[in-house]
Amino acid sequence: MFDPSDSRVVAVLGPTNTGKTYLAIERMLGHHSGMIGFPLRLLARENYDRVVKIKGASRVALVTGEEKIVPPGATYFMCTVESMPVDRDVDFLAIDEIQLCADAERGHIFTDRLLHARGRNETMFLGAETMRPLMKKLVPDAVFEQRPRFSKLSYAGEKKITRLPPRSAVVTFSATDVYAMAELLRCQRGGTAVVLGALSPRTRNAQVGMFEAGEVDYLVATDAIGMGLNLNLDHVAFARLRKFDGRIPRQLTAAEIGQIAGRAGRHMNDGTFGTTADAGPLPSELIEVVETHDFEMLRHVVWRNRELDMSSPKALQKSLQQRPPLPEMLRVRDSEDLAALISLSQDKEVLELATNPAAMRLLWDVCQVPDFRKILSDHHSRLLGRIFKYLAADGARLPDDWVAAQIARIDRIDGDIDSLVSRIADIRTWTYISHRGDWLEDAAGWQQKARAIEDRLSDALHERLTQRFVDKRAMVLARRNEE
């Protein structure tokens, strides 16, 4: 086992469109082995495809919660941050978007990687300049490299949605608003692509593909475009400046506005940002901060204890809620997996089964199955309880007939947009479960089935979105009027 203190640690910091990810892949491929953790499954897949073209499929692995491709001779691993096999020795290791250490929901995973994940020869953390003071404190041996933005980002004022120039993205923060604005653009300008966080990667790629191919001139999106989508986008218009962050509605921070606005102007092409008429103009101080990328530094990272007590459900809860060791760290609050553990700990059958460290580790693994629907109901907890009871019964696996019944209920492409979005969230949960190889008798078979269903649902959703928000005849007329 190598000594982590021997690894060179580099922090490559800067705004969007600085080539940080390209640099990391280039550096990784200069080593015999490497691993990069990305914040999104979409990004992991995109960069996996890129590295496969260079090194060949036999040398490259893809590891996410919902997809695992690991050839026997793989030496380069493209992963989501949560799914990184960090116990594997590699020469080079990188984490993308390291400022997500401050994220309330996922920050503790990024912080754990910041503190403990290292490559044998080189470690690289990529992200925003706002992480610099915290990284100096938490990783004192890091060498810093600042990357300037390739293109200029400028404020272009406010405009009515119907007066926005082609190659614009309108940004808002709820599905209801996205649909309303997309409907307006369909009526007035002929149509738009739509991007929301709830879309599957396949649907999102298909919608973005329409925009990139010039089949539509506009994109309406949530802040899902702020990370991981490289678009040929000239202008970003904010239709709202407030969002619900999972707990309360709040104003966007300057750094969040900068992250989203920075999607305008790719590589050497300059970009602009502004607002729609309903949102009103931006304050001059905020404009200057976004244009110069001079954002307020982060003051805290989110942390969670990694030394877990598996002696009982109560002991595990207590160890998960341990106070951080440094004032720059905030303990993670309201995490889905802890909420699931607390809920299942009230089930007598679960308590009767969770009586030894092995059963407790299984219980904690089950609690970490994501709730992709995000509807804050007890439906997910009941599903997790059922899964644990099946698996904890003498090391059993999930019954094929029960799994088949659960999946068959989802395998339908009828219904409206919201119905399809809901079913995609459901099947993603089963895709995740199917990649726990020891939970199912024929894990590979269930993976194929779940993926095929997700693909069918995704294609149907893309078709529904296109039918609803694209009017090709109106688009032709709108383009003629522009000429």
Distance, nearest 0.5 Å, that separates NZ of K449 from CD of Q447:
14.0 Å
Rounded distance [0.5 Å steps], CG in L461 versus CD in Q207:
7.5 Å
Should the ring pair Y390 and W402 be called parallel, tilted or perpendicular, given that the plane angle runs from 0 to 90° and is split at 30 and 60?
tilted
CG/L384 to NE2/H379 distance, rounded to the nearest 0.5 angstrom?
9.5 Å
Any donor-acceptor N or O pair under 3.5 Å, side chains Q317, Q321:
no
Answer yes if the side chains of S419 and D416 hold a donor-acceptor pair under 3.5 Å, and no otherwise.
yes
No-hydrogen, no-angle side-chain donor-acceptor test under 3.5 Å, S434 and T431
no
Residues which pass side-chain hydrogen bond (donor to acceptor under 3.5 Å, both in side chains) with R456, listed by chain and number, not counting sequence neighbours:
D411
Checking S83 side chain against G65 main chain: does a donor-acceptor pair fall under 3.5 Å?
yes
Would you please name every residue forming a side-chain hydrogen bond (donor to acceptor under 3.5 Å, both in side chains) with E256, sequence neighbours left out?
R250, T253
Run the side chain to side chain contact (heavy atoms under 4.5 Å, CB included) test against K389 and tell me which residues pass, sequence neighbours left out.
D347, E349, V350, L353
Are any side-chain N or O atoms of R167 and backbone N or O atoms of H235, one a donor and one an acceptor, separated by less than 3.5 Å?
no
With no hydrogens and no angle check, do the side chains of R41 and T64 hold a donor and an acceptor under 3.5 Å apart?
no
Please check if any side-chain donor atom of T18 sits under 3.5 Å from a side-chain acceptor atom of K20, or the reverse.
yes
Taking E183's backbone N and O only, do any of them form a donor-acceptor pair with R468's side chain (distance below 3.5 Å, no angle check)?
no
Would you please say whether a donor-acceptor pair under 3.5 Å links the side chains of R189 and T162?
no
Would one find more than 12 heavy atoms of other residues, nucleotides or ligands at under 6.0 Å from atom NZ of K160?
no
Would R436 pass as a cation-pi partner of W439, given that its NZ or CZ must be under 6.0 Å from the six-membered ring centre and within 45 degrees of the axis?
yes
Distance col, row R113:CZ vs H108:NE2, nearest 0.5 angstrom, shows 9.5 Å
